[in-house]
Amino acid sequence: QVQLAESGGDMVQPGGSLRLSCTVSGTIESPDRMGWFRAVPGNERELVGFISSTGEPLYIESVKGRFTISRDNFKNTIYLQMNNLKPEDTGVYYCNKARGQAYPWGQGTRVTVSS
C-alpha cells in the first residue's frame with residue numbers, strides 16, 4: 001500500500017522561505033496528479049496547488065507567484081517551494097493525489113509564519 005511522508009516544515013518570519021518535501025512509497029502504477037494541501041485547527045484541508053503527471057503545475061490564487069510545486073518521479077518525491085511567506089500560510093501541510101481516490105493521509109509537516 002502507498003505511504004506518504006511530508007517534511008521540511010518550520011517556524012519562519014513573514015517574508016521567509018521554506019521548501020517542503022513529500023515522499024511517496026509503495027506500489028504505484030505510474031506518476032499521478034499530486035497536490036499539496038494545508039489545514040488549520042477547526043478547518044478541513046485546503047488544496048494549495050497540484051502538479052500533473054507530466055510536471056504541469058496549478059495553484060490557487062492566494063499563492064500564485066509565491067509557491068512552486070515540482071516533482072522528481074525517479075525519486076517519487078514532490079516538492080513545495082514557498083517564498084514570501086505570510087501569516088495566513090500557517091498550517092499543517094500534506095500531500096496526496098489531487099484527483100481520484102486519495103491515498104491514506106500522512107502526518108503532515110507544520111509551517112508557522114509569525115513575527
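One is the number of the first residue; the rest follow in order along the sequence. The figures that follow rest on heavy atoms only: side chains count, while hydrogens, waters and symmetry mates do not.
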Quiz item: Is Met34 reachable from Met82 through a run of hydrophobic residues whose side-chain heavy atoms are each under 4.5 Å from the next?
Solution: yes

Quiz item: Does the ring centre of Trp36 sit less than 6.0 Å away from the ring centre of Phe67?
Solution: no

Quiz item: Between Leu47 and Val40, is there a shared hydrophobic cluster once you connect ILVMFWY residues whose side-chain heavy atoms come closer than 4.5 Å?
Solution: no

Self-check item: Distance-minimising heavy-atom pair for Arg66 and Asn84
Solution: NH1-O, 3.0 Å

Quiz item: Just checking, any donor-acceptor pair under 3.5 angstrom between side chains of Ser52 and Thr54?
Solution: yes

Quiz prompt | Separation of Glu56 CD from Arg71 CZ (nearest 0.5 Å) | solution = 11.0 Å

Quiz item: Does one hydrophobic cluster hold both Phe50 and Leu4, with members joined at side-chain heavy-atom distances below 4.5 Å?
Solution: no

Quiz item: If you round to the nearest 0.5 Å, how far is CD1 of Ile78 from OG of Ser21?
Solution: 10.0 Å

Quiz item: For the residue pair Arg45 and Phe37, what are the closest heavy atoms and their distance?
Solution: CB-CB, 4.2 Å

Quiz item: Taking all non-hydrogen atoms of both residues, which atom of Ala39 and which atom of Tyr94 are closest, and how far apart?
Solution: CB-CE1, 4.2 Å

Practice problem: State, yes or no, whether a side-chain contact exists between Val12 and Thr112 at a heavy-atom distance under 4.5 Å. | Solution: no

Quiz prompt | Side chains of Thr68 and Tyr59 in contact at under 4.5 Å (non-hydrogen atoms) | solution = yes

Quiz item: Is there side-chain contact between Tyr93 and Glu6, with heavy atoms separated by less than 4.5 Å?
Solution: no

Exercise. Check whether any side-chain heavy atom of Lys97 sits under 4.5 Å from a side-chain heavy atom of Tyr103, and report yes or no.
Key: yes

Quiz item: So do the side chains of Arg99 and Asp32 get within less than 4.5 Å of each other, counting heavy atoms only?
Solution: yes

Self-check item: Pairwise side-chain contact, Pro14 with Lys86, heavy-atom cut-off 4.5 Å (strictly under)
Solution: no

Quiz item: What are the two closest non-hydrogen atoms of Gln107 and Val92, and how far apart are they?
Solution: O-CG1, 4.1 Å

Quiz item: Between Met11 and Leu80, is there a shared hydrophobic cluster once you connect ILVMFWY residues whose side-chain heavy atoms come closer than 4.5 Å?
Solution: no

Quiz item: When you look at Gln3 and Ser25, which way does the side chain to side chain contact (heavy atoms under 4.5 Å, CB included) test go after all the steps?
Solution: CA-CA 5 Å; Gln3 293 182 329; Ser25 61; 3.5 Å; yes

Quiz item: Does a side chain donor of either Thr77 or Asp72 reach within less than 3.5 Å of an acceptor in the other side chain?
Solution: no

Quiz item: Is any side-chain N of the basic residue among Arg110 and Asp10 closer than 4.0 Å to the acidic one's carboxylate O?
Solution: no

Quiz item: What distance separates Ile69 CD1 from Cys95 SG, expressed to the nearest 0.5 Å?
Solution: 10.5 Å

Quiz item: Looking at CH2 of Trp105 and CG of Asn96, how far apart are the two atoms once the value is rounded to the nearest 0.5 Å?
Solution: 4.5 Å

Exercise. Measure the shortest side-chain to side-chain distance between Thr23 and Asn76 over non-hydrogen atoms and say whether it is less than 4.5 angstrom.
Key: no

Quiz item: Are Gln81 and Ser17 side-chain neighbours, meaning at least one heavy-atom pair lies under 4.5 Å?
Solution: yes

Quiz item: Out of Asp89, Asn43, Thr90, which one pairs with Arg38 under the side-chain hydrogen bond (donor to acceptor under 3.5 Å, both in side chains) rule?
Solution: Asp89

